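Note that the structure is a prediction, hence the values are computed from the model and not measured. Read the numbers this way: they start at 1 and go in the same order the structure lists the ligands and their atoms.
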Amino acid sequence: MDPATTAKKIKSMEIRGALELAFAAANSLKEYSKAYTGNDFLCDFEKQGKLLKASRSTAVSLPNTVDYILYLSREFPRETLAGLIDTFIEKQQDALKRIARIAAKRIKSGDTIMTHCNSMTALETIAEAAKTKKINVICTETRPRNQGYLTAEYLAKKKIPVTLIIDSAVRYAMKEFKVDKVLIGADTIAANGAVANKIGTSQIAAIAHELNIPVIVACETLKFSPQTYEGQMIEIEERSHSEIRPRLKGVKMWNPAFDFTQPEHIDIIVTEDGVISPHMAYEIIKEKFAWEMTPRVCKISKSK
Ligand code: RI2
């Protein structure tokens with residue numbers, strides 16, 4: 001699929017989920033580079049990257065992927081690019097499996113896990129743990145787009161016991177079902193360890209904190225934000241009011257898709273490099289995104 005179609009599908013959320021955005025963007029740039037017949041590849045390639053990056057705003061896995069591939073396109077010969085993109089995709093797939101293996105060790109037989117939204121990384125972890133342990137899952141509907149239904153269906157298909165609750169039942173359910181752990185994915189981790197994830201996550205984490213229930217974030221280092229290291233704020237995507245409900249006369253509506261969970265409400269972040277405290281986010285960004293921090297001369301800006 002070409003980058004323009006991919007960007008449209010990301011915008012409409014036909015393609016969604018932080019890691020899926022990265023895979024879709026990487027594959028579309030690979031296809032574009034292979035099919036390219038023009039005479040200013042770097043300039044045209046960067047335009048495709050910009051298009052992809054503008055399609056959704058909060059999940060940093062998307063701009064991180066695009067920026068990394070644009071970096072590769074400047075640093076390496078074009079004929080090697082498709083192979084390098086494949087290597088990047090394989091690395092992310094391995095990261096997902098590795099996180100699942102590490103995070104599954106934190107789940108004990110008999111545990112009841114609460115999750116929110118539909119995180120591939122959290123679900124891989126639950127599926128990995130369920131191979132050898134008996135676990136129950138409580139998942140939220142995740143209004144307004146109800147991604148929790150996808151989570152519930154996925155778990156039911158895998159024969160993992162799952163109970164779907166409405167978002168406002170979280171506190172009651174934590175007590176009633178004696179939830180042992182909260183396990184979520186992430187869209188972006190800021191340099192200070194704050195986690196941007198689906199709207200409602202911060203409430204769940206605050207309640208878990210109050211009830212002494214550990215909150216585990218399962219996420220690839222691709223979701224750490226080098227931009228926040230340089231002081232940039234994470235932009236929270238605001239979606240159409242029609243997702244809440246049809247217009248109500250004289251009523252304003254607000255529909256933010258994500259919120260921030262403070263690092264103090266998160267016990268651990270499980271990355272492919274191991275378990276870290278949220279306060280180590282800064283170190284991860286410094287180590288992993290050195291290529292992003294390096295000042296570079298961008299030849300293509302001249303030809304714009
Ligand atoms: P993966 C989703 O966003 C949720 O916020 C979810 O926690 C995150 O992406 C997980 O991403 P949306 O695209 O763990 O439904 O699947 O708005 O990478």
For [atom], closest protein heavy-atom neighbour:
atom: atom 4 (C) of ligand 1; answer: Cys117 SG, 3.4 Å
atom: atom 15 (O) of ligand 1; answer: Arg16 NE, 2.6 Å
atom: atom 8 (C) of ligand 1; answer: Asp187 OD1, 3.5 Å
atom: atom 7 (O) of ligand 1; answer: Asn197 OD1, 2.6 Å
atom: atom 17 (O) of ligand 1; answer: Lys198 NZ, 2.6 Å

Worksheet item: With respect to atom 14 (O) of ligand 1, which of Gly17, Gly185, Ala218, Ser119 exhibits the smallest heavy-atom separation?
Response: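 The residue whose heavy atom sits nearest atom 14 (O) of ligand 1 is Ser119.
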So is there a nitrogen or oxygen of [X] less than 3.5 Å from a nitrogen or oxygen in ligand 1?
X: His116; value: no
X: Ala18; value: yes
X: Glu20; value: no

Practice prompt. Taking only heavy atoms of Met120 into account, list the atoms of ligand 1 that are under 4.0 Å away from them.
Written response: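 So the answer, numbered in order with elements, is 1 (P), 14 (O), 16 (O).
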Report yes if some heavy atom in the side chain of [X] is under 4.5 Å from a heavy atom in the side chain of [Y]; otherwise report no.
X: Ile204; Y: Met174; answer: yes
X: Glu264; Y: His279; answer: yes
X: Leu52; Y: Thr6; answer: yes

Item to complete: Report the C-alpha distance between Glu220 and Thr271 in whole Å, list the side-chain angles of each, state the deciding distance to 0.1 Å, and finish with yes or no for side-chain hydrogen bond (donor to acceptor under 3.5 Å, both in side chains).
Response: CA-CA 5 Å; Glu220 298 74 13; Thr271 75; over 6 Å; no
Worksheet item: Non-hydrogen atoms of Glu237 versus ligand 1: any pair closer than 4.0 Å?
Response: no
Discussion item. Tell me the contacting part of Glu220 for ligand 1: side chain, backbone, both, or neither, using a 4.0 Å heavy-atom threshold, strictly below.
Written reply: neither
Item to complete: Record the part of Met13 in heavy-atom contact with ligand 1 below 4.0 Å; permitted values are side chain, backbone, both and neither.
Response: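 Only the side chain of Met13 comes within reach of ligand 1.
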Discussion item. Working to the nearest 0.5 angstrom, can you tell me the gap between Asp267 CG and His209 NE2?
Written reply: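 So the CG of Asp267 and the NE2 of His209 are separated by 9.0 Å.
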Item to complete: Taking the six-membered ring for Trp and the full ring for Phe, Tyr or His, determine whether the centres of Phe224 and Phe289 are under 6.0 Å apart.
Response: no
Response to the item:
Smallest heavy-atom separation, Val275 atom then Ile268 atom, equals CG1-CG2, 3.5 Å
Worksheet item: Hey, is the main chain of Phe23 close enough, under 3.5 Å, to the side chain of Asn27 for a donor-acceptor pair?
Response: yes
Worksheet item: Any ion pair linking Lys30 and Asp86 (charged N to carboxylate O, less than 4.0 Å)?
Response: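 Looking at Lys30 together with Asp86, the answer is yes, because their closest N to O distance falls below 4.0 Å.
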